[in-house]
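Take a look at the structure below.
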Amino acid sequence: MRIAVALLFVFFMTTVHAQTKIQPYGVVPSERQLKWHEMDMYVLVHFTPTTFENIEWGYGDANPASFNPTAFDAEQIIKAAKAGGFKGLILVAKHHDGFCLWPTKTTDYNISKSPWKNGKGDMVGEFEKACRKNGLEFGVYCSPWDRNNAAYGTHEYVKTYRAQLKELYSNYGKLFMSWHDGANGGDGYYGGKREARKIDRSVYYGWDTTWKMTRAMQPWANIFSDVGPDARWVGNEEGFAAETSWATFTPVPLEGTKIPGPGSIRHENLGTGDRNGIQWTGAECDVPLRPGWFYHKDQDDKVKTPEKLFELYLKSVGRGGCLDLGLAPDTRGLLHQNDVASLTAFGNMLETTFGNDLAKQSSLKKGSPALIDNNRYSYAAGNEFTMEWNEEKEFDLIRIRENIKLGHRVEEWVAEGWVNGGWKELTRATSVGSARIMHFPAVKTSKLRIRITKSPVIPALSEIGVFKKA
């Protein structure tokens, strides 16, 4: 009798709540953030005079004449990213050195003063057009710190910075992201003064005003910084989130800071987020393909392998965040062949692995079709889901998703396979959100069970996927 009641309870939760509207739990993502989660992976391209100086951070004193790539091809870079499975590209339109890759009206320290294309080029424009042509989303990063600008540290510079953003927002189509970091203030060239300048990062830029401008001019652009508001820094540049990582987040200002802004919050909870945080701000896991963000010839044999990229994928996308991979064109303006080869092999690995979902061959086709329909927002509600096959299947990866329009609901779950006449635990985990991917020793079984063991409200799963790593 108890078994019958339990089965009836699971059936009730799975069927009735799949038809009845479930109320969201906690804060939920905006439509703009939903699109960000759906991207899973994108790249961040660093290419300025710093590349030609063979250093990581330009001081701001490089001669614009040094920037002269001999064979620049935006499509070569973008096609390599696309081959890797990446869905967008963020271009560093201006790094800390202050050199602008577009012919801006705000400073003479820009690409029009370089010999590339006889000063008539617009590298931001070339990347943007190549992205559109090849089906990738386009975004920009314009560094708030400017080690070249003589006015940096004064309000005049803030007006210049906003003018630069306005140019980028106005002239390069719809952006999926406006990217900002917390590296602000320090030593620089500053128009030849060669000194250190300190600013109060929480108030100097007037981020509230700047971001209102972003919202008005680029309403679909997610704003990234360590504090968000749309996507947050994961707290490291190694490309992984914590084992338990919530997209819900509460920024905590540093002691003595009035406003929690970029570079002025505590970092302890960046990787984990916060259960029941006050805002939805997913984790972006940024990491360069090479040891450095800029190209260095002596790193040609230190490109991350496809296996390493797959590991990072599981620890970023597979923990509910997005993977942001740094690409570094060389002085020709091209990706090195080793970079291209690694990206291509990684993309093939992803496609081969996740292109064959064994769950779609299981009894879920009839029992819970919402879990295998490739729709992140259809769902089945319940605490337990079992799938069966006509014969044993071998797999070592399970991916589950929640319908995040309904919030973060699942807190703990376990996957079990039918082995030697009984249920054997294969893996267990905590937070789910946009995606949770668990990798474990390969098993052969004809039955798989997913049990949600802790949730404050009815779970609403949108996918259970089962795969064998290629």
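- Using a 4.5 Å heavy-atom cutoff, the side chains of Ile404 and Trp280 are in contact.
- Side chain of Thr160 to main chain of Thr106: no donor-acceptor pair is present (N/O by atom type, distance under 3.5 Å, no hydrogens or angles).
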message: Show, in sequence, the C-alpha distance, side-chain angles and deciding distance for Thr107 and Asp146, and conclude whether the side-chain contact (heavy atoms from CB on, under 4.5 Å) test is met.
response: CA-CA 11 Å; Thr107 175; Asp146 191 319; 5.9 Å; no

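- Taking a 6.0 Å sphere around CZ of Arg266, one finds it holds 12 or fewer heavy atoms contributed by other residues, nucleotides or ligands.
- Remark: side-chain polar atoms of Asn134 are not paired, donor with acceptor, to backbone N or O of Leu136 under 3.5 angstrom.
- One finds the CH2 atom of Trp179 at 5.5 Å from the CG atom of Leu44 (value rounded to the nearest 0.5 Å).
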- prompt: Under the side-chain contact (heavy atoms from CB on, under 4.5 Å) criterion, do His296 and Glu56 qualify, and how do the steps go?
  reply: CA-CA 9 Å; His296 308 286; Glu56 274 295 289; 2.7 Å; yes

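- When every heavy atom of Val140 is checked against every heavy atom of Ile90, the shortest pair comes out as C-CG2, 3.7 Å.
- Judged by distance alone, the side chain of Ser316 and the main-chain N or O of Gly321 form no donor-acceptor pair under 3.5 Å.
- Annotation for Ile78 and Ala130: closest pair CD1-CB, 3.2 Å, computed over non-hydrogen atoms.
- Counting only distance, with no hydrogens or angles, the side chain of Asn338 and the backbone of Asp300 share a donor-acceptor pair below 3.5 Å.
- Classification of Lys35 and Asp230 as a salt-bridged pair fails, no side-chain N sitting under 4.0 Å from a carboxylate O.
- With a 4.5 Å cut-off on side-chain heavy atoms, Arg32 and Arg215 count as touching.
- Side chain of Glu238 to backbone of Cys285: no donor-acceptor contact under 3.5 angstrom is found.
- Asn236 places a side-chain N or O within donor-acceptor distance of the main-chain N or O of Phe240, the cut-off being under 3.5 Å.
- Annotation: side-chain contact (heavy atoms from CB on, under 4.5 Å) contacts of Asn348 (sequence neighbours excluded): Thr344.
- Under a 4.0 Å N-O distance rule, the pair Arg436/Glu463 does not qualify as a salt bridge.
- Here the side chains of His95 and Trp293 are not in contact, with every heavy-atom distance at 4.5 Å or above.
- Among Glu402, His408, Arg376, the one residue that satisfies the side chain to side chain donor-acceptor pair (under 3.5 Å) test with Ser434 is Arg376.
- Looking at Tyr172 and Asp122, their side chains come closer than 4.5 Å, going by heavy atoms from C-beta outward.
- With contacts defined as side-chain heavy-atom distances shorter than 4.5 Å, the pair Trp36/Glu284 qualifies.
- The backbone N or O of Lys105 lies less than 3.5 Å from a partner atom in the side chain of Glu167, making a donor-acceptor pair.
- Classification of Lys469 and Glu307 as a salt-bridged pair holds, one side-chain N sitting under 4.0 Å from a carboxylate O.
- Considering Tyr109, Trp116, Tyr189 in turn, Tyr109 is the only one that fulfils the ring pair (Phe, Tyr, Trp, His ring centres under 6.0 Å) rule with Phe99.
- Scanning both residues, Pro329 and Tyr295, for their nearest heavy atoms gives O-CB, 3.2 Å.
- Using a distance-only test at 3.5 Å, with no hydrogens or angles considered, no donor-acceptor pair links the side chain of Asn68 to the main chain of Ser114.
- Salt-bridge formation is detected for the pair Arg132/Glu128: a Lys NZ or Arg NE/NH1/NH2 atom is positioned less than 4.0 Å from an Asp or Glu carboxylate oxygen.
- Here the two rings, on Phe176 and Phe224, have centers that are 6.0 Å apart or farther.
- Other residues, nucleotides and ligands contribute at most 12 non-hydrogen atoms within 6.0 Å of the NZ atom of Lys129.
- When each of Val43, Val287, Asp286 is tested with Leu323 by the rule side-chain contact (heavy atoms from CB on, under 4.5 Å), just one qualifies, namely Val287.
- When only modelled atom types and interatomic distance are considered, Thr244 and Thr430 share a side-chain donor-acceptor pair under 3.5 Å.
- In plain terms, the two heavy atoms of Ser431 and Glu243 that are nearest each other are OG-O, 4.2 Å.
- Phe47 and Phe67 have their aromatic ring centers within a separation under 6.0 angstrom.
- Side chains of Asp373 and Ser378: a donor on one and an acceptor on the other come within 3.5 Å.
- For the atom pair CD (Gln279) and OG1 (Thr248), the distance works out to 10.0 Å, reported to the nearest 0.5 Å.
- Side-chain contact, Asn276 with Tyr25: a donor N or O sits under 3.5 Å from an acceptor N or O.
- A salt bridge does not link Asp187 with Arg194: every distance from a Lys NZ or Arg NE/NH1/NH2 to an Asp or Glu carboxylate oxygen is 4.0 Å or more.
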field: Working for side-chain contact (heavy atoms from CB on, under 4.5 Å), residues Leu350 and Met41
entry: CA-CA 12 Å; Leu350 288 179; Met41 303 191 303; 3.6 Å; yes

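- Lys304 places a side-chain heavy atom less than 4.5 Å from the side chain of Leu312.
- Taking the six-membered ring for Trp, His180 and Tyr205 have ring centres at least 6.0 Å apart.
- Among residues two or more places apart in sequence or in another chain, the ring-ring contact (aromatic ring centres under 6.0 Å, His included) test is passed with Tyr190 by Tyr152.
- To the nearest 0.5 Å, the span separating NZ on Lys454 from CD on Glu411 amounts to 5.0 Å.
- A heavy-atom distance below 4.5 Å is not found between the side chains of Arg409 and Ile452.
- Using a distance-only test at 3.5 Å, with no hydrogens or angles considered, a donor-acceptor pair links the side chain of Tyr161 to the main chain of Cys142.
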- request: Show your working on side-chain contact (heavy atoms from CB on, under 4.5 Å) between Leu91 and Val45 and close with a plain yes or no.
  value: CA-CA 5 Å; Leu91 177 64; Val45 177; 4.1 Å; yes

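- You'll find the ring centres of Phe354 and Phe467 inside the 6.0 Å limit.
- Side-chain N or O atoms of Tyr204 include none that pairs as donor or acceptor with a backbone N or O of Lys198 at under 3.5 Å.
- Thr214 and Tyr169 share a donor-acceptor pair across their side chains, judged by distance under 3.5 Å alone.
- Considering CG of Asp330 and CG of Leu335, their distance stands at 7.5 Å, rounded to 0.5 Å.
- Two residues are said to be in side-chain contact when any heavy atoms from C-beta on lie closer than 4.5 Å; Leu327 and Leu89 fail this criterion.
- Across all non-hydrogen atoms, the minimal contact from Ile111 to Gly121 is CG2-O, 3.3 Å.
- Remark: Ile464 CD1 to Arg399 CZ distance equals 12.0 Å, nearest 0.5 Å.
- Of all the heavy atoms in Gly185 and Ile199, the pair that sits closest is CA-CG1, 4.5 Å.
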